[in-house]
*Asks:* 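The structure that follows is given in the form of structure tokens.
Sequence lines set the chain letters: A, B, ... in the order given, protein chains first and strands last, and positions in each chain run from 1. Excluded from the calculations below are hydrogen atoms, water molecules and symmetry mates; all remaining heavy atoms, backbone and side chain alike, are included.
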Protein chains: 2
Amino acid sequence: MPRAATDSDAFNAVAEPRRRDILHYLANQERAVGEIVANLGMEQPSVSKHLKVLRQVGLVRVRRHGRHMFYRTNAEAIRPMHDWTKFFERYWQRQLISVKERAEAKMDVWGRVQKPE
Amino acid sequence: MPRAATDSDAFNAVAEPRRRDILHYLANQERAVGEIVANLGMEQPSVSKHLKVLRQVGLVRVRRHGRHMFYRTNAEAIRPMHDWTKFFERYWQRQLISVKERAEAKMDVWGRVQKPE
DNA sequence: TTGACATATTCCTATATAGGAATATATTGA
DNA sequence: TCAATATATTCCTATATAGGAATATGTCAA
């Protein structure tokens, strides 16, 4: 079984660094495809294909104006990722637990208080 | 060119939903592989392979104790993802800009204040 | 209507999967 | 030393890429 498709969800879509660049670039203002090409230094077909993936997972919104297609980041779609990462916020400041601290807490060698196995 | 490898960075590693499940499960306490297998209902080789990817990008730490390998989430490695998503925090509460508001702000039809093209 | 411009799509290929099955490695206890 | 236990690795395969090149589609301006 291969990986889940890039357009299956936001997590898969933003795994590609160029797509993260695009989302960052489109956060403030909507931009035409040509602007993305010029400013991020990617090939035009490449940009179109990345935008298609981002659109399919709702990470960008698009609006046509004449020959131009104006894309803009839909920040709402990033929120689930933010929430997922936020869950770990309380852990990344935690100290390592020393042997001494384990002893004082009456924890076993596995660092557990109850249900050793 | 295929996608970047799953073990190239945290973004690619967590694109796989089962790996997110594992990281969530290992956030509080370190756990033996067998516990992950039992509690998350995955095949043992599958768990070992996912753990390998997570270990290669620093998302989990491992400690051997006898026959057991105790894995634990390294929340620090999730932080870069949190920071990236956090950048968009100020955008996802933004209101849509109506025609009226655009007119008052002297924006053009593209919603831009300066540099129309 | 036609040419120029902007964007999207198609075709191509090497490559890295995820999971299943089978097997290998490592450690313990007797 | 040997069996049991815990975990890791290997082999297999269908599949979805990302990027390059070429081309198609859509829209305007004259």
*Asks:* State which residues pass side chain to side chain contact (heavy atoms under 4.5 Å, CB included) with A:Pro45; sequence neighbours excluded, sorted by chain then number.
*Replies:*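 For A:Pro45, the residues satisfying side chain to side chain contact (heavy atoms under 4.5 Å, CB included) (neighbours in sequence not counted) are A:Glu43, A:Lys49.
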
*Asks:* Taking NZ, NE, NH1 and NH2 as the nitrogens, is one of them in A:Asp21 or A:Arg18 under 4.0 Å from a carboxylate oxygen of the other?
*Replies:*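 Between A:Arg18 and A:Asp21 there is a salt bridge, with a charged N closer than 4.0 Å to a carboxylate O.
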
*Asks:* Within 45° of the axis and under 6.0 Å from the centre of the six-membered ring of B:Phe88, does NZ or CZ of A:Arg79 qualify?
*Replies:*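 Judged by the rule (NZ or CZ under 6.0 Å from the ring centre, within 45° of its axis), A:Arg79 is not positioned above B:Phe88.
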
*Asks:* Mind calculating the distance between CG (A:Asp7) and P (D:dT15) to the nearest angstrom?
*Replies:*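 Computing the A:Asp7:CG to D:dT15:P distance gives 16 Å.
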
*Asks:* Please verify the inter-ring angle class for B:Phe87 with A:His24; under 30° counts as parallel, over 60° as perpendicular, anything in between as tilted.
*Replies:*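 It falls in the parallel class, under 30°.
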
*Asks:* Would you kindly give the CE-to-P distance between A:Met1 and C:dG20, to the nearest whole Å?
*Replies:*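 Rounded to whole Å, this separation is 7 Å.
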
*Asks:* Mind checking what makes side chain to side chain contact (heavy atoms under 4.5 Å, CB included) contact with B:Asp7, not counting sequence neighbours?
*Replies:*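 B:Asp7 satisfies side chain to side chain contact (heavy atoms under 4.5 Å, CB included) with B:Ala5, B:Val53, B:Gln56, B:Val57 only.
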
*Asks:* Identify, with sequence neighbours excluded, every residue that meets side chain to side chain donor-acceptor pair (under 3.5 Å) alongside A:Lys52.
*Replies:*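 By the side chain to side chain donor-acceptor pair (under 3.5 Å) rule, A:Lys52 matches no residue at all.
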
*Asks:* Among residues at least two apart in sequence or on other chains, which ones pass side chain to side chain contact (heavy atoms under 4.5 Å, CB included) with A:Val37?
*Replies:*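 A:Val37 satisfies side chain to side chain contact (heavy atoms under 4.5 Å, CB included) with A:Val33, A:Gln44, A:Val47 once adjacent residues are dropped.
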
*Asks:* When you measure from every atom of DNA chain D, which of residues 9-24 of chain B have a heavy atom less than 4.0 Å away?
*Replies:*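 Within residues 9-24 of chain B, no residue comes under 4.0 Å of DNA chain D.
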
*Asks:* Would you jot down, in residue-number order, the residues of residues 45-53 of chain A having a non-hydrogen atom under 4.0 Å from DNA chain D?
*Replies:*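 Those residues whose heavy atoms fall under 4.0 Å from DNA chain D, taken from residues 45-53 of chain A in numerical order, are A:Pro45, A:Ser46, A:Lys49, A:His50.
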
*Asks:* Between B:Gln44 (CD) and D:dT5 (C1'), how many Å, whole number?
*Replies:*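 Distance check: B:Gln44 CD to D:dT5 C1' gives 11 Å.
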
*Asks:* Side chain to side chain donor-acceptor pair (under 3.5 Å) with B:Ser46: which residues, sequence neighbours excluded?
*Replies:*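 Counting only residues at least two positions away or on another chain, B:Ser46 forms no side chain to side chain donor-acceptor pair (under 3.5 Å).
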
*Asks:* Quick one: pull up OH in A:Tyr71 and CG in A:Leu54 and give me the separation to the nearest 0.5 Å.
*Replies:*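 Interatomic distance, A:Tyr71 OH to A:Leu54 CG, rounded to 0.5 Å: 9.5 Å.
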
*Asks:* Using atom CE of B:Met42 as one end and atom P of D:dT7 as the other, report the distance to the nearest whole Å.
*Replies:*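 From B:Met42 CE to D:dT7 P: 14 Å.
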
*Asks:* For DNA chain C, just give me the dot-bracket, please: Watson-Crick or G-U, both distances below 3.5 Å, ( ) intra-strand, [ ] crossing earlier pairs, | paired with another strand, . unpaired.
*Replies:* ||||||||||||||||||||||||||||||

*Asks:* State which residue, out of A:Arg63, A:His68, A:Arg72, A:Arg61, fulfils the side chain to side chain donor-acceptor pair (under 3.5 Å) condition with A:Glu30.
*Replies:*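 Passing option: A:Arg63.
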
*Asks:* Give every residue pair that meets the ring-ring contact (aromatic ring centres under 6.0 Å, His included) criterion with at least one member in residues 29-51 of chain A, sequence neighbours excluded.
*Replies:*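 Non-adjacent pairs meeting ring-ring contact (aromatic ring centres under 6.0 Å, His included): zero.
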
*Asks:* Holding to side chain to side chain contact (heavy atoms under 4.5 Å, CB included), I want the full list of residues that pass it with B:Ala38, two or more places apart in sequence or in another chain.
*Replies:*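 With sequence neighbours excluded, B:Ala38 shows a side chain to side chain contact (heavy atoms under 4.5 Å, CB included) to no residue whatsoever.
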
*Asks:* Ignoring the backbone of B:Glu43, work out which of C:dG20, C:dA8, D:dA8 is nearest its side chain.
*Replies:*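 Of C:dG20, C:dA8, D:dA8, C:dG20 is nearest to the side chain of B:Glu43.
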
*Asks:* For nucleotides 26-30 of chain D, list the nitrogen or oxygen atoms of the protein found under 3.5 Å from its nitrogen or oxygen atoms, one pair per line.
*Replies:*
unit_1: D:dT27; atom_1: OP1; unit_2: A:Arg64; atom_2: NE; d: 3.4

*Asks:* Can you name the residues that form a side chain to side chain donor-acceptor pair (under 3.5 Å) with B:Asp9, not counting sequence neighbours?
*Replies:*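 Result, side chain to side chain donor-acceptor pair (under 3.5 Å) vs B:Asp9: B:Asn12.
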
*Asks:* Check whether any side-chain N or O of A:Thr73 sits under 3.5 Å from a backbone N or O of A:Leu23 as a donor-acceptor pair, and report yes or no.
*Replies:*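 Yes, A:Thr73 side chain to A:Leu23 backbone: donor-acceptor pair under 3.5 Å.
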
*Asks:* Whole angstrom is fine here: how far is it from NE2 in B:His68 over to P in D:dT5?
*Replies:*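 Result: 11 Å.
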
*Asks:* Expressed in angstrom and rounded to an integer, what is the separation of A:Leu54 atom CG from D:dA18 atom P?
*Replies:*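 Whole-Å distance recorded here is 10 Å.
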
*Asks:* Distance check needed: D:dA6 P versus B:Tyr71 OH, whole Å only.
*Replies:*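 In whole Å, D:dA6 P and B:Tyr71 OH are 15 Å from each other.
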
*Asks:* Choose from D:dT15, C:dA8, D:dT17 the nucleotide whose nearest atom is closest to any side-chain atom of A:Val33.
*Replies:*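 That would be C:dA8.
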
*Asks:* Rounded to the nearest Å, what distance is computed from the CZ atom of residue B:Phe70 to the C1' atom of nucleotide D:dT7?
*Replies:*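 Taking CZ of B:Phe70 and C1' of D:dT7, I get 12 Å after rounding.
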
